[in-house]
Amino acid sequence: MSKRIKIAELLQSSKTGTTVNVKGWIRTFRNNQFIALNDGSTNTNIQVVVDFENTDPAELKRYTTGAAIGVEGELVSSQGKGQTVEIIARRIEVYGDCDAEVYPLQPKKHSLEFLREIAHLRFRTNTFAAVFRVRHALAFAIHKFFNDKGFVYIHTPIITASDAEGAGEMFRVTTLDAVKPPMNEAGEVDFSKDFFGRAANLTVSGQLEAELGALALSEVYTFGPTFRAENSNTTRHLAEFWMIEPEVAFADLQDNMDLAEDMLKYVIRYAMDNCREDLEFLSNRQAEEEKSMPQNERSEMSLTQKLEFCLANDFERITYTEAIDILRNSNPNKRKQFKYLIDGWGADLQSEHERFLVEKHFKKPVILTNYPAEIKAFYMRQDDPKEGVPGPTVAAMDILFPGIGEIVGGSQREERLDRLTAKMREMHIPEEEMYWYLDTRRFGTCPHAGYGLGFERLVLFVTGMTNIRDVIAFPRTPGNAEF
RNA sequence: GCAUCUUUAGCUCAGUCGGUUAGAGCGGCGGACUGUUAAUCCGUAGGUCCUAGGUUCAAGUCCUAGAAGAUGCGCCA
């Protein structure tokens, strides 16, 4: 028996006239004669031609949608249209039968909602196979990008006893009895009896630990799971998601923006170069999906055009203060079409405002910088006062993408100890618990900057999917942790 | 958490003004055909109309509550 060859490789390199061995899952069995076989290496099926006249009818009955088989036969040029080569089967072995009466996947279009309910089987569809191959390529490209630049990949802790990260509600990690936990004299749960001797949670960010690494290794990044116990019900939030957090010493806000823009363009380019077939499939899928939508809601560009456009143009970089000016003078604001009208400097931007800037005004990715200090985190570097800017700002930057909103959030960090501790006191962040973070400012502090990239949001953008639950294998959202 | 919408066969959906036995396509099953492309053609089975109440001579259809899902907003990546 010859060695198994993956279908993607076979379609690229194999010569007709040779004996080949493929293994995979049946997509359809047509005309009692033609098996469309898929092994996940590509969305293109290989056609297997069955000599039905010389095959036991009981065996033919086993060639159903979803069945796992191995095929040995000769690769020949196809007589039919629709494929250039096919395999004339000499031997077919059924590894796993698939009862067509109860198997949920049919050779037809299924809704994404239905497939989400059978997430354990949806890998077997063209759409999800393409999404997960692209997801893999993007993950690999991120490691390659940072590796090639000399960054050190840091594994920051998943479990943390720090609750000062301030990035959101946390999931508690405990081995205490949930029904009768030990209590202290004050009548509170006694976490000193817990596994870690103190209250512990799942991480909401690896940034603070990444900073510790950056102030010795110069350039580090994290890429790991992140947990937020927010009751968020949207197409772009997950309770468990993957985040990339680079942190760079001797870097300012400009360097930070340059790095983020370079990284995004690099990984999108990588996906375009390495997942051409899948992206074209997803591009067609999106176009097909939008046919049932009214004209004004359809994308102006196809998915692949959108990605090319994103690579060809610089991201628009403007300050918060400039953005407020644009929004204040915008038509929707003058005509009172915004739900929240812009009347002054200092308010946080609503998603309708971000969408206006990205999708209507600039029509490309936008980097917003120098937000009011009041609406941003304690660790962001305080800007010097500037002519024409009404209040104190920080060296923050958010990258906004069309259809996604905020994909990157970052800043230059406050490296000056006195400024940092003053801010922490102001925001009631306990200094004693953060001694290890403050030590970096006590001992050899330096300017540094970093950002967080939501990996699933990146995958959403590149695949053209619209719900974040469809770009992670087994989504965790409020009320749902199935599989 | 808030708002809006949806829930009818395994899947995708139709179901008029509240009125007889709730329909179609795909899928399944049986058969025909045998170079098909989500094959095609013929036949056939398949229903807790999301759940619980209510209005009515009569409810898939109207009302109330609940559940699940979708979308938008808030929180953010």
Side-chain angles (χ1 to χ4, degrees), chain A residues 27-36 44-53 57 60-61 64-66 76 78-83 86 88 98-118 125-126 165-169 204-207 224-245 260 292-293 297 338-340 348-355 375-377 398-401 404-410 451-461 466-470 472 477-480 482:
Chain A
R27 284 291 173 80
T28 62
F29 183 34
R30 286 185 294 266
N31 215 4
N32 217 23
Q33 191 175 182
F34 303 104
I35 294 172
T44 309
N45 301 323
I46 185 78
Q47 174 153 287
V48 175
V49 183
V50 180
D51 182 5
F52 67 97
E53 280 163 326
L60 287 173
K61 290 245 177 232
T64 59
T65 298
V76 299
S78 179
Q79 295 173 34
K81 289 168 186 167
Q83 59 280 315
E86 62 192 13
I88 304 296
C98 188
D99 184 348
E101 200 164 356
V102 289
Y103 186 56
L105 291 173
Q106 305 164 14
K108 62 167 277 189
K109 189 179 180 323
H110 290 288
S111 68
L112 294 174
E113 289 83 5
F114 172 66
L115 293 171
R116 212 171 288 150
E117 288 169 20
I118 51 165
T125 64
N126 284 333
E165 286 161 355
E169 291 296 312
V204 293
S205 165
Q207 179 202 315
T226 309
F227 308 88
R228 305 251 170 111
E230 304 283 354
N231 191 9
S232 297
N233 295 292
T234 78
T235 52
R236 53 191 192 283
H237 287 86
L238 290 164
E240 175 184 285
F241 64 99
W242 289 67
M243 188 154 65
I244 294 102
E245 295 177 288
S292 61
M293 291 162 58
E297 286 176 33
F338 284 139
K339 198 174 162 201
Y340 299 90
D348 211 348
L349 299 181
Q350 308 290 321
S351 54
E352 61 178 344
H353 306 135
E354 296 181 348
R355 275 213 315 278
I375 58 173
K376 287 290 180 184
D398 284 359
I399 303 185
L400 310 176
F401 264 31
I404 314 286
E406 186 178 346
I407 195 166
V408 163
Y451 60 84
L453 165 75
F455 184 57
E456 281 77 13
R457 289 186 179 177
L458 173 67
V459 183
L460 264 187
F461 181 75
T466 50
N467 191 318
I468 203 164
R469 297 170 191 124
D470 296 329
I472 188 167
T477 52
N480 196 343
E482 190 68 35

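Values below: every heavy atom of this structure, side chains too, minus hydrogens, waters and symmetry copies. Chain identifiers are assigned alphabetically (A, B, ...) following the order of the sequence lines, protein sequences preceding nucleic acid strands; residue numbering begins at 1 within each chain.
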J.: Kindly write out the residues that satisfy ring pair (Phe, Tyr, Trp, His ring centres under 6.0 Å) with A:Tyr103, not counting sequence neighbours, or none if the list is empty.
T.: none
J.: Using a cut-off of 4.0 Å between protein heavy atoms and nucleotide atoms, how would you tag nucleotides 44-51 of chain B 5' to 3' with B, S and -?
T.: --------
J.: Show each protein N/O and nucleotides 26-34 of chain B N/O combination with a separation under 3.5 Å, one pair to a line.
T.:
unit_1: B:G27; atom_1: O4'; unit_2: A:Gln106; atom_2: OE1; d: 3.2
unit_1: B:U34; atom_1: O2; unit_2: A:Asn31; atom_2: O; d: 2.6
unit_1: B:U34; atom_1: O2; unit_2: A:Asn31; atom_2: OD1; d: 3.1

J.: How does RNA chain B read in dot-bracket, base by base from 5' to 3', with Watson-Crick or G-U pairs under 3.5 Å and | used when the partner is on another strand?
T.: (((((((..((((.....[...)))).(((((.......))))).....(((((..]....))))))))))))....
J.: If you measure from the P atom in B:G35 to the same atom in B:G30, how many Å do you get, rounded?
T.: 23 Å
J.: If the C1' atom of B:U6 is compared with that of B:C50, how far apart are they to the nearest Å?
T.: 11 Å
J.: Kindly write out the residues that satisfy ring pair (Phe, Tyr, Trp, His ring centres under 6.0 Å) with A:Phe34, not counting sequence neighbours, or none if the list is empty.
T.: none
J.: Quantified in whole Å, what is the P atom distance between nucleotide B:G46 and nucleotide B:G54?
T.: 31 Å
J.: Could you tell me whether the side chain of A:Thr64 and the main chain of A:Cys98 form a donor-acceptor pair under 3.5 Å?
T.: yes
J.: Check the distance between B:C75's P and A:Leu349's CG and give it to me in whole angstrom.
T.: 10 Å
J.: Between B:C62 and B:U7, how far apart are the two P atoms, rounded to whole Å?
T.: 10 Å
J.: Would you say A:Arg27 places a side-chain N or O within less than 4.0 Å of OP1 or OP2 belonging to B:U37?
T.: no
J.: Reckon A:Arg116 has a side-chain N or O less than 4.0 Å from the OP1 or OP2 of B:A70?
T.: yes
J.: Given the P atoms of B:U71 and B:U34, what is the spacing between them in whole Å?
T.: 48 Å
J.: Mind checking the P distance from B:G60 to B:G23? Whole angstroms is fine.
T.: 14 Å
J.: Give me the distance, rounded to whole Å, that separates B:U8 from B:U16 when you measure between the P atoms they each carry.
T.: 16 Å
J.: With sequence neighbours excluded, tell me which residues meet side-chain hydrogen bond (donor to acceptor under 3.5 Å, both in side chains) with A:Asp470.
T.: A:Arg116, A:Arg122
J.: Can A:Phe241 be classed as stacking with the base of B:A77, given a centroid separation cut-off of 5.5 Å and a plane angle cut-off of 30°?
T.: yes
